[in-house]
Amino acid sequence: MLYQAEPRPDTIEPVRVRERLPGSKSVYTTLALCDSHLPNKLRLKRFALWRRPASRDQSPTRFAAHPLTVYTSAHMPIPVETRSVSSPLLGLLRLVLISFLAVAALQQAARGQDTNHLLIYAIDVEGGQSTLLVQTRTHASLLIDTGWPSADGRDASRIQAAMGEAGITRIDHLLITHFHVDHVGGVPELVKRVQIGEFLDHGPNREDSDITRHDYAAYLKAIAGKSHRVVHPGDTINIPGLSAIVLTADGDHISAVPGVTPTPNPMCAAEPHWDLDSTENPRSAGVLVRFGKFRFLDLGDLTKAKEIPLVCPNNLIGTVDLYLVNHHGFNLSNSRAFVDAIHPRVAIMDNGAHKAGSPEAWQTVHESPGLEDLWMLHTAEDSDALHNSAPELIANPRGASTDGAYLKVMASADGSFSITNSRTGKTKAYPHS
């Protein structure tokens, strides 16, 4: 930084040093640079000292080096108006600096526009579930399920990749919807790699099967000694910047959702009776996440017998902007009375290439009134072309050389959002209505 030293040592300016030689009335100018070698001390170094000519016909006269006064920073607290330096090099440097600052300001402004969003990653765990939510302003996070176990930690690696893309290094809350291996199996590997603040689930395993008992025991061992909470309908999950309320857990459902007025559902009369199965699926812990006007629904693998009480005779949930299709798109879930009542604007089906994505469930969601798009994590290869979405809406289409592509949602508080297919890099926007 360049400074000006006047007869008063308490005025500074980032351009020139001006001083008077002893016994002279002329004022001489030198360029000087601040050189701080000691704490709280500023030393001025002289570059050149010239006498100002009396007229245009005279040339400037250079004087011998003259030691400059050393001032401490305490002596120079008062900035004065900057003066220009008639040097082409300094002018160029000033232009470069101004340009740099302008670009930096624009970049900062652009980043500022991106500092208050909800990011949702539908991570490809090959027919299981793992969904990451991140509030970009607070960096608070919720991970819903962890996918499968594997020797190479494939699903944990894919979760970490989504975390890196979102700019986080820890998970604040991990919600396990239920204790099937494609949802809870990835926990033991993930806890070795990632710090997790709180583990949430619906309580003890309710399914009488050896494999589910095994996976539940592995989960309990992995989270031993860590923060753990059993959630019930009506409970909330503290995610700064978001509202997350538990709608279902352990076979029960919420009686009223704050801010939602229940409305009669005319589709209930035509809905068949569905028997309750004895697996972990109807025990799924499900959540409604709200970010301003944007609403996201994830009910895990909830089946039809437990979907219906949420919307019949009255719809307790209201409508949603984004629906993570229940149970990966199995026809054991996604009853018409339920799907039509929540009236999703967009749906994401986290199916596998050879798991779920059944034609009946696909058709029910696709025909839902007001639905704009049905995105899929995989082509449902055991279905037909009429019951698969367009290739641009599929993260991992049939015949792709690799899989693991994900879908990224970026939502704004005004209700608008976009979805990016990581395979193609293309984004589709859904403006607020």
Side-chain angles (χ1 to χ4, degrees), residues 107-148 150 152-175 183 186-187 189-197 237 239-242 244 287 289 291 294 296 298 321-322 324 346 348-352 373 375-378 392-397 400-413 416-430:
Q107 291 175 339
Q108 181 64 33
R111 285 193 296 269
Q113 293 174 357
D114 295 335
T115 57
N116 195 26
H117 291 292
L118 168 60
L119 302 180
I120 304 173
Y121 294 84
I123 301 168
D124 176 29
V125 290
E126 309 290 343
Q129 182 181 350
S130 188
T131 309
L132 176 64
L133 290 78
V134 178
Q135 213 288 339
T136 61
R137 181 176 57 83
T138 64
H139 304 291
S141 58
L142 167 67
L143 179 66
I144 303 176
D145 292 335
T146 60
W148 306 81
S150 63
D152 62 356
R154 180 200 66 193
D155 292 352
S157 295
R158 292 180 180 180
I159 292 169
Q160 286 182 291
M163 292 173 60
E165 210 278 342
I168 62 171
T169 57
R170 72 185 300 272
I171 299 295
D172 295 318
H173 310 274
L174 171 56
L175 172 66
H183 294 255
V187 171
E189 180 63 26
L190 188 64
V191 298
K192 297 176 184 177
R193 305 183 181 200
V194 175
Q195 180 185 357
I196 299 173
I237 303 172
I239 310 172
L242 303 176
V287 292
V289 178
F291 175 52
F294 178 81
F296 168 63
D298 181 347
D321 298 288
L322 181 64
L324 188 69
V346 175
I348 293 178
M349 185 178 288
D350 56 354
N351 62 306
D373 284 312
W375 294 73
M376 304 174 72
L377 280 182
H378 282 265
E392 61 270 19
L393 300 180
I394 301 177
N396 302 280
S401 57
T402 59
D403 47 16
Y406 56 85
L407 299 173
K408 174 185 175 181
V409 180
M410 178 180 287
S412 298
S416 64
F417 61 101
S418 65
I419 299 182
T420 300
N421 185 333
S422 73
R423 173 181 62 86
T424 64
K426 294 184 178 180
T427 299
K428 183 169 183 180
Y430 300 91

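Computed from a predicted model, the values in this text were never measured in an experiment.
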Considering non-hydrogen atoms only, spot the tightest contact between [X] and [Y] and give its length.
X      : Y      : value
Ala156 : Glu189 : CB-CG, 3.7 Å
Ser157 : Arg193 : OG-NH1, 2.8 Å
Ala122 : Ile348 : CB-CG2, 4.0 Å
Ile123 : Ala162 : CD1-CB, 3.8 Å
Ala405 : Ala395 : CB-O, 3.4 Å

What's the spacing between [X] [atom1] and [Y] [atom2] if we round to 0.5 Å?
X      : Y      : atom1 : atom2 : result
Ile237 : Leu174 : CD1   : CG    : 10.0 Å
Ile239 : His173 : CD1   : NE2   : 5.5 Å
Leu143 : Leu132 : CG    : CG    : 6.0 Å
Met349 : Leu393 : CE    : CG    : 12.0 Å
Leu118 : Leu322 : CG    : CG    : 9.0 Å
Asn421 : Lys428 : CG    : NZ    : 12.5 Å

Can you check whether [Y]'s main-chain N or O pairs, donor with acceptor, with [X]'s side chain at less than 3.5 Å?
X      : Y      : answer
Ser422 : Leu407 : no
Thr420 : Gly425 : no
Thr138 : Pro240 : yes
Arg170 : Ser141 : no
Arg137 : Thr115 : no
Asp155 : Trp148 : yes
Asn351 : His378 : yes
Asp152 : Arg154 : yes
Asn396 : Leu377 : yes
Thr136 : His117 : yes

Review point. Given the rule in the side-chain contact (heavy atoms from CB on, under 4.5 Å) test, do Ile120 and Val289 qualify, once you have shown the distances and angles that lead to the verdict?
Key: CA-CA 11 Å; Ile120 304 173; Val289 178; over 6 Å; no

Review point. If you measure from the Lys or Arg side-chain nitrogens to the Asp or Glu carboxylate oxygens, is any gap between Glu165 and Lys408 under 4.0 Å?
Key: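 So Glu165 pairs with Lys408 through a salt bridge.
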
Exercise for review: Taking only Lys NZ, Arg NE, NH1 and NH2, and the carboxylate oxygens of Asp or Glu, determine whether Asp403 and Arg158 approach each other closer than 4.0 Å.
Suggested key: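 Yes, this pair counts.
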
**Study point:** Set of residues satisfying side chain to side chain contact (heavy atoms under 4.5 Å, CB included) with respect to Asp321, sequence neighbours excluded
**Key:**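 By the side chain to side chain contact (heavy atoms under 4.5 Å, CB included) rule, Asp321 matches Phe294, Arg295, Phe417.
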
Point to revise | With Gln129 via side chain to side chain contact (heavy atoms under 4.5 Å, CB included) - residues at least two apart | key: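 Once residues adjacent in sequence are excluded, the partners of Gln129 under the side chain to side chain contact (heavy atoms under 4.5 Å, CB included) criterion are Thr131, Ile144, Asp145, His183, Asp298, Leu324, His328, Asp350.
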
Exercise for review: Decide yes or no on side-chain contact (heavy atoms from CB on, under 4.5 Å) for Thr424 and Glu392, but give the supporting numbers first.
Suggested key: CA-CA 8 Å; Thr424 64; Glu392 61 270 19; 5.9 Å; no

Check your understanding: Got a sec, which pairs hit ring pair (Phe, Tyr, Trp, His ring centres under 6.0 Å) with one end in residues 118-139, sequence neighbours left out?
Key ->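 Residue pairs passing ring pair (Phe, Tyr, Trp, His ring centres under 6.0 Å), neighbours aside: Tyr121-Tyr406.
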
Check your understanding: Checking side-chain contact (heavy atoms from CB on, under 4.5 Å) for the pair Ile419/Met410: CA distance, chi angles, key distance, verdict?
Key -> CA-CA 7 Å; Ile419 299 182; Met410 178 180 287; over 6 Å; no

Check your understanding: With a 4.5 Å limit on heavy-atom distance, are the side chains of Asn116 and Gln135 in contact?
Key ->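 Counting from C-beta outward, Asn116 and Gln135 do come under 4.5 Å.
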
Review point. Is the shortest heavy-atom distance from the side chain of Val409 to the side chain of Phe296 under 4.5 Å?
Key: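 A side-chain contact under 4.5 Å is absent here.
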
